[in-house]
Structure formats: C-alpha cells, structure tokens
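To start, the structure under review is shown below, and the notes come after it.
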Amino acid sequence: MNKVLIVIFVFACLFVLQKMSYAADTLTPTSSIIDGQQLISVGQNFSLGFFSPGSSKSRYIGIWYNNIMPQTVVWVANRENPLNDSRGNLTIGADGNIVLVDGADNRMWSTKSSRSIQEPIAKLLDSGNLVLMDGKKGDSDSFIWQSFDYPTDTMLPGMKLGWDKTSGLNRYLTSWKSANDPSPGSFIYSFDHKDFPELVIRQGMNITFRSGIWDGIHFNSDDWISFTGITAFRPQLSVTNDEVVYWDEPGDRLTRFMLRDDGLLERYMWDNKILKWTNLYEARKDFCDNYGACGMNGVCSIKEVPAYCDCLKGFIPKSQQEWDSFDRSGGCIRRTPLNCTQGDEFQKLSWVKLPMLLQFWTNNSMSLEDCNMECLKNCSCTAYANSAMNEGPHGCLLWFGDLIDIRLLLSEEGEQLDLYVRLAASEIESTANTGKRTKMALIISAPLALLLLCTIFYLSKKYTKRRTTTDLGRRNQNENQASPLFDIDAILAATNNFSVENKIGEGGFGPVYKGKLAHGQEIAVKRLSKTSKQGISEFMNEVGLVAKLQHRNLVSVLGGCTQGEERMLVYEYMPNSSLDHFIFDPIQGKFLKWRKRYEIIMGIARGLLYLHQDSKLTIIHRDLKTSNILLDHELNPKISDFGVAHIFEGDQAAVTTNKIVGTIGYMSPEYAVNGLLSLKSDVFSFGVIVLEILSGIRNSSYNHQDHHQNLLGQAWTLWKEGRAVEIMDVNLDLTAIPSELLRCLQVGLLCVQKFPEDRPTMSSVVFMLGNESIALAHPKKPGFFDEELEFREYTEEDCFSNNAMTITLLEARN
C-alpha cells in the first residue's frame, strides 16, 4: 500500500511540475510550452506563457513582467486568434518558425519567416524581446524574427518604433479593444511622415494627437523638453536614409509606454517603494494637445487658465455665434482675402507648435529669405518656416491651404522654429514711412493698372470669340464619341485655379485635382501634363470610350476639356482614392478585413467581365493595376484609366502590336515579350491584383533573400506545399473563412499561369469565386515565376518603370 502511495505521489509531483513551470528561457524543436508552463528570461525580468485578460475566458500567448503584480502584459502573439480552451501548444514547427496550435493542431499564430534556419531556437531575452534565432550563430545578428518588430500596445526600452526603409517594416503601437480583449483596437500610435517625422495617435482615420515635427534636434513641442527632463528614460530618434525610428535607451528603472484602449498614451515607471506603476507622462496632457482643438487657422494656449482659442492675426471666427458659445472647432477664416498680384506680407509667430503637414513642400538647402520668396511666388502658399534646426536654422518648409493644430508653447527656452503666416498687406502693421511709400506707389501705378485691365479685357473678348468657334468645331468633330466637353472656366472655378491644396494625386497622365462644380457635384480632374507619355489620341480614346460604358464597377467619366492647349478628363470623385493606398499600407490595411477585400475582388471581376463580354464593345483594359482601381465612399471598387484600352473588332481573339503599354509586375508574359494582346492579358493582370490583395505585398517590389521568385512564384510554391496561409496579409482574419480565402488564392493563381490558354475567362472567374461547391483545377507554374532569371532574358531593365502609378511605353524586341 505504501509503495502504491509513493508512486502516486511521485507522478503527482511530476505532473504539477510539468504544469506549473518550464523554467528555461529557450524553446528548441524538441521542446514546447503548454498551458500552465512558462519561459522565464535568464535574469527573471520577463515571463512568456498563456494568460486570460480580465474577465475573458479566451487564452492568449503573451509576455509580462515576471515579478510584478498584478500581471502587466506587454506583448500578445495571437491577439486576433484566441484559443477557446487550455489545450494550446507553443513550439517550433518543422519549417523553423515559432508556432502556436490549438488542441486540434490548427495553426493559430506563427512567426511566418521564410528564411531557412539550421538550428532554430526561440529565446526570451531580459529586455522582454522574444527572438527566433539560428543556434549555430548565437548572436543578435542571427535574429530571424523578434517580437520587438511587431509590438502590440506597449513600447519597452530598446524597442524601436518607426520605419526600416530598407525592408519596409513599420513598427507602431495598436491599442487593445478593452481590458478584457487584446485584439487590435481603434487607436494607433505611429510616425506620420518619413521626411518630417512626427508621432501621431489616430482613431481610425482621424488624428487625435501629434507630437510636432522633428526638426533635427527635438520635436517641435513641449513634449521633448518634458521627456529629457526625466532621468528614468532617455528618448532617442534617428532619421537617416535607412530608417526613421524612435526608441528609449534602457535605464536603471523599469519603464514602459502604453497606448490605452481609450486612446491615451502614457509613460509608466515602476516604483519599488510603493510597488506600483506611477504615471510619468501623458501625451494628451491638456486641452491644446487635442488635435485641431481650435479648428483651422486657430491658435490654442494654456498659458492662462482655462485654456483658450484665438484666431491667427488677420483671421476672424468662421462662426461668431459658435465662437461665443465656446465651440471653437469651426476655426477661423481670413478677414481680408490674399491678393497675390498686388503683394502679400508675412506675420511672424514665435514659440509655437508648427501646423500639421497636410499640403507642404520643402527644400533643405534654401535660406529663410529664399523661402520667403518661394512662398510669395506661389499664390496657394499660406505660411513658411525653416525646416531644420541641426547645425543652426536652415532649409525651407512651405504650407498650402488652411493651417491646423497650432499651439503656443509653454517653454521659451532653447531654440524653436518661427512660423511666418501669409496675410494681405493691409493686415500687417507698418511704419508710417512704409505706408507713405506704399500709397505713393499705388498712385503712380493706378493709371498703368487701368490701361493693363483694358488691354486684358479686349484680348479676352477676342480670344473667347475665337475659342468658341474652335470648340464648336471640335464638338462636331467628336460627336461620334458621345463625350461631353466642359468649358475650361467651369473647371478653373471648380478646382480653385488648380490650387495646390486641391491636388490629390499624380499619375502618368499628369496631376489630378479635386473640384466641386457650381451645382455642388464633386469631381476629379486629370490634367494632361506637357511631359505626359499619354498623348492626345489616348486622351480622346478615354473620353469617348468610357462615356459609352455604364457599369457599377467602372468609374464614370463625366467628360473632358480640350480648350487651347489644355487636355483634361473630368471624373466622378472617389473619396477613398485607389486600392493601392490601402492594401500596401500597414495602417490603412487594417481597415480592409477579409470580407471587404473579397467584395473588392468580386467587384473588379464583374467590371472586367463587363468589358470583355457584356458591353456592346469587347474591350481590353491593358493597364489593370491596383492604382487604377478607385474606391468610392463605401469602398466599392471602380476600374479607371482607359486611355490605353484596346477595342477588339468583330470576332478578333488576339492582336500583335509593336507598341507595348503597361506597368511592370502586371503585364502578362506573352504581351510583355512578344506583343501578343488578348483578353487573357487582362486576366493575368487581374490575377496579380488578387494575389496583392491577399498578401498586402506589391508584386513589382517583392524580393526574397533566399530565392529570386516574385510574389506569384512564392504564392504558387507555398500553395503547392500546403502553406498558402503564410503568404496572407497579417491584417486578414485567417480563422474566419479560410476556405473562401484559399479559394480566392487558387483562382488568382489560375489567372497568372504562364500560358494564356491555361488561364480562365472572366466569366469562369466570376463563377468560380461565387460557387464554393465547384472543384477548381490545379494551377500550373505562373508567368515570370523566377523574375530575375526569366524576365531579364527578353527585356532591358531600364525599359520598364517600377512605379505602379506610371503608364510606361516600350518597343517590343523582335
């Protein structure tokens, strides 16, 4: 009996030890962590294991301070894919990645590295960093992956936030949804610019806080002064050609930055005396730290209590009634309009937080005097300042349009950049002598000005008459194109004379401007630039062609303008820009979950099917790419840019051309090499877009350190090996509808097969995407599978443009 009890006791002790602790700091391919076990860093600063936040019953893998209570979690692995029970297992998979699987052996999270590792080891460091490394090398240079590159809501000393420009990695904080739910919340803390970096907090698309721009020495705000006054941490920022990053040097105290679920960003330090986290700093510490607290052209100050808003000099409240009721969010408008032709002047503002860089221009080599002249030359320029403080004030920074988020700084120590705001000359206080000189100059120039106005009026009437005759001829000439033509005066009025603040983009055609017609309709105007590769024939092709096409997934061209030397297209305005701005941006990509991406794929497919089969004409787009897929206010896709579209006549199935038009990364092999154009050329481009939507990676810029496969080749290889999920964008919910997602990937691979006869038609694509019961064929090797070896065999590298926004022309090789 005693022996039986001893055996039971030994087994019970072993079971408890196994469940309670796994004291090592390292995982190897032969070890794993189950619920109840932990990795503990060598200095016992941090623990890694399974946990449930707050009242939640879901289980997550996380990292927390080992000896601090209550539990303070600083990183979560599977924040979007929680475990429903305690049967999770963290281990190193056969591919060398750290993998979390559930009780049914489903992969819930992985490090997703594609690099080969001889001896994979996962180690929890004393900094709180979980690293995957090659045990044969054993140093920081051998890190294959690290949790510091993928922060959640907490920034630890030694962790970097910001851009690695070489790899394209962007590190930022994302809040939890709540104290009980660590999945990504609505707040993000990240860098807003690469050229003039400033840290901002966003709630969705809206900015709630900004640090002020980096001027080479400090952030243009009170915050940097308060940072450097605290000895517990030492903030650092590096802006080079390779990176834009912010970090804290590790100190002798435990500190952390945390983006809370309510959008507050706070700095905490552990106090050993009271055994509690104390708050050292809060980003939005006062009313004026709320982004745009005083609206456009307003200035916020807390030098007096309570905080108050004021208008910039020369501005008045937009709504005096709202202003008097202490609602200052409407901001201010100019009291006296600017008069660019008769001269404006500038009001100097010192010790202010410079306004947000919404529309701006910069030149780092200009002096302040040159900057003044540059701003005066542009009638849309509203303010200027030096761009940098390192090695003394230098450089030029221009603002266009309204100015927002200006505040008076509390401290007037050290050096700060001055802001020069453009005002009408009458708003500037001048000396009596200056006033007399100005008055005398006006008296002398008045007769000359009157003569000039009469001359302009006479020439204008003469030109208008001639222009009307010419335009009537043009209209008669192009009646068969059914393309309404706009008067240039209407477009100038709608776009505010093509002002810089109305410019919303730049493409191969030329600049694009937002406008509003007299009856209130918003429009987008594409203006053919003199250096554009798209000529008048392509211009008229697009106007006439798209006017005949009506489909919910095609952008509507309202008309064009061909007056004088101007060539313009007028589109319906798409408020959400183009698809590439979402899927290739790590922040914007979070707003496109799988269901919306699937709807976008289906919308593009239906639009393309209409062009190929259902319209009166059989049309090949020829330049289908993500930047030519526009998104309306509900993120519905609309195919745009038909300037190089080709119409098939009769029963034509294919044509051969010596003039190849398209964008690298989207053109099919037979078209790029031999000029063979068919409907299957568009199918190939569609397949590339599908793979880019699923992966969040641009095909033309994809590269891998271990092989020369492009995105198409990598996706096909992973699909063949049953690891297709590894190519998927991290912003997708991979557990929601895995079969639908993988089906889209397979359809995309069928579309990018090397030979056109193997690719499906668009009618088959729409049918396959919408019917899960249909068995799909196995895709063959894609075109341009090995980009370096295959693609360069038959094209000169400098013939193509890697800029997906540019239409490129080249002559095919015989």
Side-chain angles (χ1 to χ4, degrees), residues 504-512 524-529 532-534 538-539 541-543 545-547 549 551-558 569-585 588 592 597 600-612 615 619-632 635-647 660-668 671-672 677 679 681-693 698-701 748 751-752 762 800-809:
I504 57 176
E506 185 89 18
F509 186 99
V512 184
V525 180
K526 289 172 59 176
R527 189 182 189 190
L528 181 68
S529 67
S532 172
K533 298 187 177 87
Q534 187 170 353
E538 287 87 356
F539 166 81
N541 182 54
E542 182 161 10
V543 177
L545 179 62
V546 184
L549 302 176
H551 190 272
R552 61 183 300 179
N553 295 117
L554 302 184
V555 71
S556 295
V557 173
L558 306 178
L569 289 172
V570 181
Y571 285 86
E572 61 176 332
Y573 176 66
M574 295 288 107
N576 281 308
S577 188
S578 51
L579 179 59
D580 59 329
H581 289 142
F582 279 84
I583 60 174
F584 301 135
D585 187 288
Q588 299 281 53
L592 285 186
R597 296 195 194 203
I600 289 173
I601 291 172
M602 286 297 297
I604 300 170
R606 292 191 183 103
L608 206 52
L609 174 60
Y610 172 83
L611 294 176
H612 288 186
S615 70
I619 300 167
I620 303 176
H621 188 281
R622 283 212 290 183
D623 197 28
L624 196 68
K625 54 186 176 182
T626 53
S627 60
N628 283 342
I629 306 299
L630 304 184
L631 302 175
D632 67 13
L635 298 176
N636 297 314
K638 292 178 182 286
I639 301 172
S640 70
D641 281 12
F642 292 82
V644 295
H646 181 86
I647 301 175
I660 301 173
V661 188
T663 304
I664 188 171
Y666 296 92
M667 287 189 289
S668 62
Y671 179 51
L677 181 65
L679 296 178
S681 305
D682 275 354
V683 174
F684 184 93
S685 302
F686 171 78
V688 175
I689 292 175
V690 170
L691 297 180
E692 289 182 335
I693 291 175
R698 196 187 300 273
N699 182 39
S700 61
S701 61
C751 291
V752 297
M762 286 311 302
F800 290 91
S801 167
N802 279 310
N803 184 354
M805 295 296 290
T806 303
I807 295 175
T808 56
L809 305 177

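Not measured: the values here are computed from a predicted model.
- Minimum heavy-atom separation, Leu608 to Phe686: CD2-CB, 3.9 Å.
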Item to check | Test side-chain contact (heavy atoms from CB on, under 4.5 Å) applied to Phe584 and Glu692, step by step | outcome: CA-CA 8 Å; Phe584 301 135; Glu692 289 182 335; 3.6 Å; yes
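- Of the possible donor and acceptor atoms, one in the side chain of His621 sits under 3.5 Å from a partner among the backbone N and O of Asp641.
- No side-chain donor-acceptor contact under 3.5 Å links Tyr666 to the backbone of Asp682.
- Arg606 has its side chain out of reach of Arg552: every pair of non-hydrogen atoms, C-beta onward, lies at least 4.5 Å apart.
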Item to check | Trace of the side-chain contact (heavy atoms from CB on, under 4.5 Å) decision for Leu631 with Ile600 | outcome: CA-CA 9 Å; Leu631 302 175; Ile600 289 173; 4.2 Å; yes
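- Contact detail for Ser700 and Ile664: the closest heavy-atom pair is CB-O, 3.8 Å.
- Using a 4.5 Å heavy-atom threshold, the side chains of Leu679 and Met762 count as separate.
- Checking side-chain atoms of Lys526 against main-chain N and O of Val570 turns up no donor-acceptor pair under 3.5 Å.
- Formation of a donor-acceptor pair under 3.5 Å by the Ser640 side chain with backbone atoms of Asn628 is found in this model.
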Next on the checklist: Under the criterion side-chain contact (heavy atoms from CB on, under 4.5 Å), I'd like the reasoning laid out for Ile693 against Leu579: C-alpha separation, chi angles, the key distance, then a yes or no.
Outcome noted: CA-CA 9 Å; Ile693 291 175; Leu579 179 59; 3.8 Å; yes
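- When all heavy atoms of Met667 and Gly662 are compared, the closest pair comes out as SD-CA, 3.7 Å.
- Atom CD1 of Ile620 is separated from atom NE2 of His612 by 6.5 Å, given to the nearest 0.5 angstrom.
- Between the side chain of Gln588 and the backbone N or O of His581 there is no donor-acceptor pair closer than 3.5 Å.
- Applying side chain to side chain contact (heavy atoms under 4.5 Å, CB included) to Pro637 and the options Thr626, Ile604, Leu554, Leu630 leaves one that passes, Ile604.
- Taking both residues in full, the closest heavy atoms of Met574 and Lys638 are given as SD-CD, 3.6 Å, listed atom of the first, atom of the second, then distance.
- Taking both residues in full, the closest heavy atoms of Tyr671 and Ser681 are given as CB-OG, 4.2 Å, listed atom of the first, atom of the second, then distance.
- Rounding to the nearest 0.5 Å places CD1 of Ile583 at 8.0 Å from CD1 of Ile689.
- Within the 4.5 Å cutoff, the side chain of Thr663 has heavy atoms near those of the Asp623 side chain.
- For the pair Asn576 (side chain) and Asp632 (backbone), a donor-acceptor distance under 3.5 Å is present.
- Judged purely by atom type and a 3.5 angstrom limit, Arg597 uses its side chain to pair as donor or acceptor with the backbone of Leu592.
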Checklist entry - Can Tyr573 and Ile504 be said to form a side-chain contact (heavy atoms from CB on, under 4.5 Å), step by step? => result CA-CA 11 Å; Tyr573 176 66; Ile504 57 176; 3.9 Å; yes
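- Between Ser627 and Ser578, the shortest heavy-atom contact is O-CB, 3.5 Å.
- By the 4.5 Å heavy-atom criterion applied to side chains, Ile639 and Leu624 are counted as neighbours.
- With salt bridges taken as basic N to acidic carboxylate O contacts below 4.0 Å, none links Asp580 and Lys625.
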